[in-house]
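Quantities reported herein were computed from a predicted structural model and do not represent experimental measurements. For the single chain, residues carry numbers from 1 onward in sequence order.
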Amino acid sequence: QVQLVESGGGLVQAGGSLRLSCAASGRTFRRYGMGWFRQAPGKEREFVAAISWGGGGTNYADSVKGRFTISRDNAKNTVYLQMNRLKSEDTAIYYCAADRTLYYDGAHSQPHEYGTWGQGTQVTVSS
């Protein structure tokens with residue numbers, strides 16, 4: 001049984017930074033790729049970033065390339081999303097999720113490719 005808990009969200013001024021964390025339970029965390037998604041009011045859930053099980057493969061949405069960085073620390077069972085130069089359009093609830101496929105060397109970008117999801121953490125960027 002895998003459980004994911006996000007933290008680190010909050011209110012920040014445009015141009016500022018936040019680091020989100022996703023803590024995973026269980027012994028199998030390192031076997032799965034991990035992804036970050038977000039959902040703003042009135043919009044569909046969208047892909048943000050993903051990282052492969054071994055950390056060697058990453059994938060980013062065009063809207064966050066150069067500003068966001070995904071990373072993982074398997075020893076701590078945690079995946080991170082460093083968000084820099086935040087914009088008002090980054091305002092959303094951010095969710096982390098575990099890939100459905102074990103030992104996948106790539107980084108999936110579609111929600112249906114992920115299984116377990118966290119409860120989400122709110123990020124609000126003021127302009």
By side chain to side chain contact (heavy atoms under 4.5 Å, CB included) - contacts of Glu89 (at least two apart): Lys87
Any residue meeting salt bridge (Lys or Arg N to Asp or Glu O under 4.0 Å) with Arg72, in chain and number order, not counting sequence neighbours: none
Residues forming a side chain to side chain contact (heavy atoms under 4.5 Å, CB included) with Ser7, sequence neighbours excluded: Ser21
Donor on one side chain, acceptor on other, Ser17 and Asn84, under 3.5 Å: yes
Lys43: partners by salt bridge (Lys or Arg N to Asp or Glu O under 4.0 Å), with sequence neighbours left out: none
All side chain to side chain contact (heavy atoms under 4.5 Å, CB included) counterparts of Gln122, not counting sequence neighbours: Thr91, Ile93, Thr124
Sequence-distant partners of Phe68, ring pair (Phe, Tyr, Trp, His ring centres under 6.0 Å), two or more places apart: none
Sequence neighbours excluded - disulfide (SG to SG under 2.5 Å) pairs with any residue from residues 2-56: Cys22-Cys96
Residues in salt bridge (Lys or Arg N to Asp or Glu O under 4.0 Å) contact with Arg67, at least two apart in sequence or another chain: Asp90
Flag side-chain contact, heavy atom, 4.5 Å: Glu6 against Tyr95: yes
Residue list, ring pair (Phe, Tyr, Trp, His ring centres under 6.0 Å) with Trp53, at least two apart or on another chain: Tyr103
Counterpart residues, ring pair (Phe, Tyr, Trp, His ring centres under 6.0 Å), relative to Tyr104 (two or more places apart): His108
Residues which pass ring pair (Phe, Tyr, Trp, His ring centres under 6.0 Å) with Phe37, listed by chain and number, not counting sequence neighbours: Phe47, Tyr114, Trp117
Other cluster members, Leu11 - Ile/Leu/Val/Met/Phe/Trp/Tyr, side-chain contacts below 4.5 Å: none
